[in-house]
*Asks:* 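For reference, the structure I am asking about is given below.
Because only heavy atoms are used, hydrogens play no part in the values below, and waters and symmetry mates are left out as well, while side chains stay in.
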Amino acid sequence: MRVLFVCSGNICRSPLGAQVLEARLTPGASAAVGSGAAAGSGASSGFVVESAGTIADDGAAMDETAAAQSRRLGGDPSAHRSRYLTAEIVEGADLVLTAERSHRAAVVSLAPRASRRTFTIKQFARVLDGLEPGDLADVRSPQDLVDRVARLRGVVPPPADPADDDVDDPYRRSEGTHERVADEIDAALATVADALRAVS
């Protein structure tokens with residue numbers, strides 16, 4: 001399964017999300033990944049986790065403050081190079097997780113058929129958390145999980161403020177903002193990783 005993270009410049013939120021999810025999906029990873037164990041780019045138990053940005057310049061290294069947060073949460077930012085989001089990248093993904101609703105709109109604009117498999121990071125986790133145990137009883141694969149969450153996303157009440165499904169952009173902001181954003185992403189991805197591992 002190919003999971004794609006999308007943000008704006010592909011130097012903070014989306015690479016951090018990709019690296020943290022990859023660390024959480026690595027065999028032997030636990031819910032407490034923040035131990036500093038590293039994860040590289042590539043496959044983890046049948047998953048390929050990657051990232052791109054809607055306004056990214058190709059080839060930029062990860063923002064150093066965001067990279068430090070990734071390392072804190074078990075990710076490995078060393079090989080990251082930013083890339084500009086294209087329709088081809090979107091079409092190759094089985095699940096697209098975006099930082100903000102505006103990024104989701106950009107993804108769907110590039111590849112309209114991706115709308116069912118595109119969510120904000122927090123939305124996907126929120127829907128998973130809001131489902132009843134029986135809602136996922138017959139799900140047998142990560143692709144089935146994405147299809148089921150897509151089908152049931154309207155059943156789970158939306159947040160009172162739609163912006164609660166977004167992750168703030170920490171670029172050029174304080175270290176405290178970077179840490180808060182990283183923790184929000186990590187909390188959502190704990191839920192996502194547990195659900196993906198359960199059906200892998």
*Asks:* Do side-chain atoms of Thr177 reach the backbone of Arg173 as a donor and acceptor pair under 3.5 angstrom?
*Replies:* no

*Asks:* Measure the shortest side-chain to side-chain distance between Asp144 and Val199 over non-hydrogen atoms and say whether it is less than 4.5 angstrom.
*Replies:* no

*Asks:* Quick one: do Asp194 and Arg24 make a salt bridge, cutoff under 4.0 Å?
*Replies:* no

*Asks:* Would you kindly confirm whether Val192 and Leu16 end up in one hydrophobic cluster when ILVMFWY residues are joined by side chain heavy atoms under 4.5 Å apart?
*Replies:* yes

*Asks:* For the side chain of Ser8 and the backbone of Thr54, is there at least one donor-acceptor N/O pair under 3.5 Å apart?
*Replies:* no

*Asks:* Below 4.5 Å, heavy atoms only, C-beta onward: do Leu95 and Phe119 meet side chain to side chain?
*Replies:* yes

*Asks:* Taking all non-hydrogen atoms of both residues into account, name the closest pair between Ala93 and Leu4 and its distance.
*Replies:* CB-CB, 3.7 Å

*Asks:* Using a strict cut-off of less than 4.0 Å between a Lys/Arg side-chain nitrogen and an Asp/Glu carboxylate oxygen, indicate whether Asp135 and Arg151 qualify as a salt bridge.
*Replies:* no

*Asks:* Group every Ile, Leu, Val, Met, Phe, Trp and Tyr by side-chain heavy-atom contacts under 4.5 Å, then state whether Val149 and Val155 land in the same group.
*Replies:* yes

*Asks:* Counting only heavy atoms not in Glu175, do more than 12 fall under 6.0 Å of its CD?
*Replies:* no

*Asks:* Any link between Val20 and Ile121 through a network of hydrophobic side chains (Ile, Leu, Val, Met, Phe, Trp, Tyr) touching at under 4.5 Å?
*Replies:* yes

*Asks:* With side-chain contact (heavy atoms from CB on, under 4.5 Å) as the criterion, how do Met1 and Leu196 come out once you've worked through the C-alpha distance, each side chain's angles and the decisive distance to 0.1 Å?
*Replies:* CA-CA 10 Å; Met1 171 178 230; Leu196 289 171; 4.1 Å; yes

*Asks:* Looking at Asp63 and Ala66, what are the two nearest heavy atoms and their distance?
*Replies:* OD2-N, 3.0 Å

*Asks:* Between Thr118 and Ser115, do the side chains contain an N or O donor and an N or O acceptor separated by less than 3.5 Å?
*Replies:* no

*Asks:* How far does CG of Leu136 sit from CG of Leu152, to the nearest 0.5 angstrom?
*Replies:* 7.5 Å

*Asks:* Does Glu50 reach the side chain of Val3, with side-chain heavy atoms less than 4.5 Å apart?
*Replies:* no

*Asks:* Is Glu64 salt-bridged to Arg71, cutoff N-O under 4.0 Å?
*Replies:* yes

*Asks:* Under 4.5 Å between any side-chain heavy atoms of Thr191 and Leu189, yes or no?
*Replies:* no

*Asks:* Say whether, by atom type as modelled, one donor and one acceptor occur between the side chain of His80 and the main chain of Pro77 under 3.5 angstrom.
*Replies:* no

*Asks:* When you compare the side chains of Thr86 and Glu88, does any donor N or O come within less than 3.5 Å of an acceptor on the partner?
*Replies:* no

*Asks:* Do Asp94 and Val146 have side-chain heavy atoms sitting under 4.5 Å apart?
*Replies:* no

*Asks:* So, taking the atom named CG in Asp76 and the one named OG1 in Thr26, what distance separates them when rounded to the nearest 0.5 Å?
*Replies:* 10.5 Å

*Asks:* Which distance, rounded to the nearest 0.5 Å, do you find between the CG of Asp164 and the CD of Glu184?
*Replies:* 9.0 Å

*Asks:* Can you find a pair of side-chain heavy atoms, one from Leu25 and one from Arg197, that are under 4.5 Å apart?
*Replies:* yes

*Asks:* Mind listing the closest non-hydrogen atom pair of Val90 and Ala111 along with its distance?
*Replies:* CG1-CB, 3.6 Å

*Asks:* Tell me, with the steps shown, if Asp57 and Asn10 meet side-chain contact (heavy atoms from CB on, under 4.5 Å).
*Replies:* CA-CA 8 Å; Asp57 291 324; Asn10 192 215; over 6 Å; no

*Asks:* After noting the C-alpha distance and the side-chain angles of Ile89 and Arg83, does the key distance pass the side-chain contact (heavy atoms from CB on, under 4.5 Å) rule?
*Replies:* CA-CA 10 Å; Ile89 293 170; Arg83 65 181 179 156; 3.7 Å; yes

*Asks:* Between Leu128 and Leu145, is there a side-chain heavy-atom distance shorter than 4.5 Å?
*Replies:* yes

*Asks:* Over all heavy atoms of both residues, which pair between Arg116 and Arg153 is shortest? Give the atoms and the distance, please.
*Replies:* O-NH2, 3.0 Å

*Asks:* What is the minimum heavy-atom distance between Ser70 and Met62, and which atoms define it?
*Replies:* CB-CE, 4.1 Å

*Asks:* Has Arg13 got its NZ or CZ under 6.0 Å from the middle of the six-membered ring of Phe5, at an angle within 45 degrees of the ring axis?
*Replies:* no

*Asks:* Ignoring hydrogens, what is the shortest heavy-atom contact between Ile11 and Pro15? Give both atom names and the distance.
*Replies:* C-CG, 3.6 Å

*Asks:* At what distance, to the nearest 0.5 angstrom, does CG of Asp147 lie from OG of Ser141?
*Replies:* 7.5 Å

*Asks:* Using only atom types and a distance under 3.5 Å, with no angle test, would you say the side chain of Ser14 pairs donor to acceptor with the backbone of Val6?
*Replies:* no

*Asks:* As a quick check of understanding, evaluate side-chain contact (heavy atoms from CB on, under 4.5 Å) for Glu179 and Arg72, giving each step before the final call.
*Replies:* CA-CA 9 Å; Glu179 184 172 354; Arg72 176 177 68 87; 3.5 Å; yes

*Asks:* For a 4.5 angstrom cut-off between non-hydrogen side-chain atoms, does Gln123 reach Thr98?
*Replies:* no

*Asks:* Got a second to check how far Arg148's CZ is from Leu131's CG, nearest 0.5 Å?
*Replies:* 9.0 Å

*Asks:* Out of curiosity, His178 NE2 to Cys12 SG, how far, rounded to the nearest 0.5 Å?
*Replies:* 5.0 Å

*Asks:* Please say which of Arg126, Arg104, Arg101, Lys122 ends up in a salt bridge (Lys or Arg N to Asp or Glu O under 4.0 Å) with Asp165.
*Replies:* Arg126

